[in-house]
*Asks:* 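First the structure, then my questions, so here it is.
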Protein chains: 2
Amino acid sequence: MENRNTDCEAINIDIIEKVKPKMPEMNILCDLSDFFKVMGDNTRIKLLWALEESEMCVGDLSVLLDMTKSAVSHQLRVLRVAKLVKAVKKGKNVYYSLNDYHVKLILEKALEHVCE
Amino acid sequence: MENRNTDCEAINIDIIEKVKPKMPEMNILCDLSDFFKVMGDNTRIKLLWALEESEMCVGDLSVLLDMTKSAVSHQLRVLRVAKLVKAVKKGKNVYYSLNDYHVKLILEKALEHVCE
DNA sequence: ACTATAAATGAATAATTGTTCAATTGTGGT
DNA sequence: ACCACAATTGAACAATTATTCATTTATAGT
């Protein structure tokens with residue numbers, strides 16, 4: 001038998017067998033939790049919310065959120081890697097904006113949830 | 001002047017002043033990121049997905065996800081505290097099920113996002 | 001009333017992560 | 001060509017967190 005990590009026996013095998021084939025692929029579930037992990041940070045949520053209102057450069061975001069430019073830049077990189085924001089250089093500054101139409105929708109649904 | 005944490009001056013004061021009043025309350029944003037933090041874990045996503053298919057007891061979830069009962073129980077507690085699942089005792093077992101109609105919707109929207 | 005066991009719990013460990021600080025990079029404007 | 005400065009980067013540190021292991025709790029079924 002393969003190595004098992006679980007430490008107990010099934011109680012309702014029928015339920016387990018019914019649910020098992022309905023579970024999404026492992027890598028999809030990882031992408032999913034990675035996505036939420038990116039959203040699950042106060043600074044990044046603030047950045048996303050701000051960028052939903054207007055594109056902004058790193059310096060302005062630092063002032064708006066009252067954080068160092070470095071901290072903002074680090075978190076913008078996380079959002080950029082996750083493809084949630086995109087960066088465009090204009091003159092001396094780099095302007096960030098939302099890169100995904102899902103984000104706004106998900107933010108709003110989640111807001112409904114937490115506001116109940 | 002109050003203590004500032006930012007290390008730079010505003011570049012577009014007009015944009016900052018326009019966006020500032022549109023930002024949600026600080027505690028709302030915290031609730032929001034806390035919510036995503038709960039979703040941002042592979043084990044908990046799997047638990048939620050499984051429970052979307054059927055209510056299940058801790059033992060069956062352990063077998064299905066191939067984890068120790070303890071690890072499952074710890075994570076179910078996180079989900080329970082976050083009011084995402086509820087527990088009902090039936091006979092010898094505790095059956096868990098989804099407790100929020102938003103969760104399924106948000107999971108599906110997020111799945112659309114990561115599947116592109 | 002006992003007993004077997006499902007579930008919960010707490011402490012400990014390892015891993016991950018956010019911010020700070022200092023230094024570097026790249027380039028717009030003169 | 002130079003300078004000023006916006007932005008990025010990397011290392012270090014502190015804080016948070018997921019799992020394991022050992023133990024405890026509660027109670028269903030006899």
Side-chain angles (χ1 to χ4, degrees), chain A residues 3-12 15-16 29-30 33-34 36-48 55-82 85-97, chain B residues 3-12 15-16 29-30 33-34 36-48 55-82 85-97:
Chain A
N3 274 2
R4 275 164 26 121
N5 295 312
T6 185
D7 57 351
C8 66
E9 300 305 316
I11 292 163
N12 306 288
I15 294 183
I16 298 175
L29 288 174
C30 279
S33 57
D34 283 346
F36 286 121
K37 219 171 283 179
V38 171
M39 309 278 278
D41 174 80
N42 201 249
T43 297
R44 290 193 292 266
I45 282 287
K46 285 193 272 184
L47 285 170
L48 289 174
E55 67 168 17
M56 277 196 260
C57 63
V58 179
D60 285 344
L61 286 165
S62 307
V63 174
L64 177 66
L65 304 188
D66 193 34
M67 299 175 58
T68 63
K69 251 188 300 191
S70 177
V72 169
S73 183
H74 275 295
Q75 298 305 337
L76 283 172
R77 194 165 69 83
V78 175
L79 293 171
R80 195 154 21 90
V81 169
V85 304
K86 60 175 185 288
V88 175
K89 182 143 203 178
K90 288 185 186 176
K92 229 176 195 175
N93 309 309
V94 176
Y95 283 82
Y96 280 84
S97 57
Chain B
N3 274 3
R4 274 165 25 119
N5 295 312
T6 187
D7 57 353
C8 67
E9 299 304 316
I11 291 163
N12 305 289
I15 295 184
I16 297 175
L29 288 174
C30 280
S33 56
D34 283 347
F36 286 121
K37 218 171 285 178
V38 172
M39 309 277 279
D41 174 80
N42 200 251
T43 296
R44 290 193 292 267
I45 283 287
K46 285 193 273 185
L47 285 170
L48 289 174
E55 68 168 16
M56 277 194 261
C57 62
V58 180
D60 285 344
L61 286 165
S62 306
V63 174
L64 177 67
L65 304 187
D66 193 34
M67 298 176 58
T68 63
K69 252 190 300 195
S70 177
V72 168
S73 184
H74 275 296
Q75 296 306 334
L76 283 172
R77 193 166 70 82
V78 175
L79 292 171
R80 195 157 19 93
V81 169
V85 304
K86 60 176 185 290
V88 176
K89 182 142 203 180
K90 288 186 187 176
K92 229 177 196 179
N93 309 308
V94 176
Y95 283 82
Y96 280 84
S97 58

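The sequence lines fix the lettering, A, B, ..., with proteins before strands; numbering per chain opens at 1.
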*Asks:* Applying the side-chain contact (heavy atoms from CB on, under 4.5 Å) test to B:V72, which of B:M67, B:K46, B:M56 qualifies?
*Replies:*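 Per the side-chain contact (heavy atoms from CB on, under 4.5 Å) rule, the option paired with B:V72 is B:M67, out of B:M67, B:K46, B:M56.
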*Asks:* Specify the separation, in whole Å, of atom CD of A:E9 and atom C1' of C:dA7.
*Replies:* 16 Å
*Asks:* Picking from D:dA6, D:dT19, C:dT19, which would you name as closest to the side chain of A:M67?
*Replies:*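 It is C:dT19.
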*Asks:* Heavy-atom nearest nucleotide on DNA chain D for B:C8 versus A:R77: which residue maps closer to 5'?
*Replies:*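 So the residue in question is B:C8.
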*Asks:* Closest approach to the side chain of B:K89, judged atom by atom: which nucleotide of D:dA28, C:dA6, C:dC21 is it?
*Replies:* D:dA28
*Asks:* Carefully, step by step, assess B:Y95 and A:N12 under the rule side chain to side chain donor-acceptor pair (under 3.5 Å).
*Replies:* CA-CA 11 Å; B:Y95 283 82; A:N12 306 288; 2.8 Å; yes
*Asks:* Have a look at B:T68 and say if it touches a base, only the backbone sugar-phosphate, or nothing, with a 4.0 Å heavy-atom cut-off.
*Replies:*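 Counting heavy atoms under 4.0 Å across all strands, the contact made by B:T68 is with sugar-phosphate only.
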*Asks:* Rounded to the nearest angstrom, tell me the gap between atom CG in A:N42 and atom P in D:dA15.
*Replies:*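 Nearest whole value for this atom pair: 18 Å.
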*Asks:* Between B:D60 and A:G91, which has a closest nucleotide on DNA chain C that is more 5'?
*Replies:*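 The residue whose closest nucleotide sits nearer the 5' end is B:D60.
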*Asks:* Please pick, from D:dT19, C:dA6, D:dT20, the nucleotide with the shortest atom-to-atom distance to any side-chain atom of B:T43.
*Replies:*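 Selected nucleotide (nearest to the side chain): D:dT19.
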*Asks:* Name the residue from B:D66, B:L65, B:V58 that meets the side-chain contact (heavy atoms from CB on, under 4.5 Å) definition with B:S62.
*Replies:*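 The option that passes is B:V58.
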*Asks:* Which atom pair, heavy atoms only, marks the closest approach of B:C8 to A:V63?
*Replies:* O-CG2, 3.5 Å
*Asks:* Grab the OH-P distance between B:Y96 and C:dA8 for me, whole Å please.
*Replies:* 4 Å
*Asks:* Please figure out whether B:C57 or B:H74 has its closest DNA chain C nucleotide nearer the 5' end.
*Replies:*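 Checking each residue's closest nucleotide, the 5'-ward one belongs to B:C57.
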*Asks:* Restricting to non-hydrogen atoms, name the atom on A:R44 and the atom on A:V38 that form the minimum distance, rounded to 0.1 Å.
*Replies:* NE-O, 2.6 Å
*Asks:* With nearest nucleotide decided by heavy atoms, which residue, A:A71 or A:K92, maps closer to the 5′ end of DNA chain D?
*Replies:* A:K92
*Asks:* Report the nucleotide, chosen from D:dT8, C:dT17, C:dA7, that has the shortest atom-to-atom distance to any side-chain atom of A:K37.
*Replies:*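 When the side chain of A:K37 is considered, C:dT17 is the closest of D:dT8, C:dT17, C:dA7.
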*Asks:* In this structure, how many angstroms lie between the C1' atom of C:dT19 and the CG atom of A:L47, rounded?
*Replies:* 13 Å
*Asks:* Rounded to the nearest Å, what distance is computed from the CZ atom of residue B:R44 to the P atom of nucleotide D:dT19?
*Replies:*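 About 8 Å, once rounded to whole Å.
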*Asks:* Nearest whole angstrom, please: distance from the P of D:dC21 to the CG of A:D7.
*Replies:*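 Roughly 10 Å, once rounded to whole Å.
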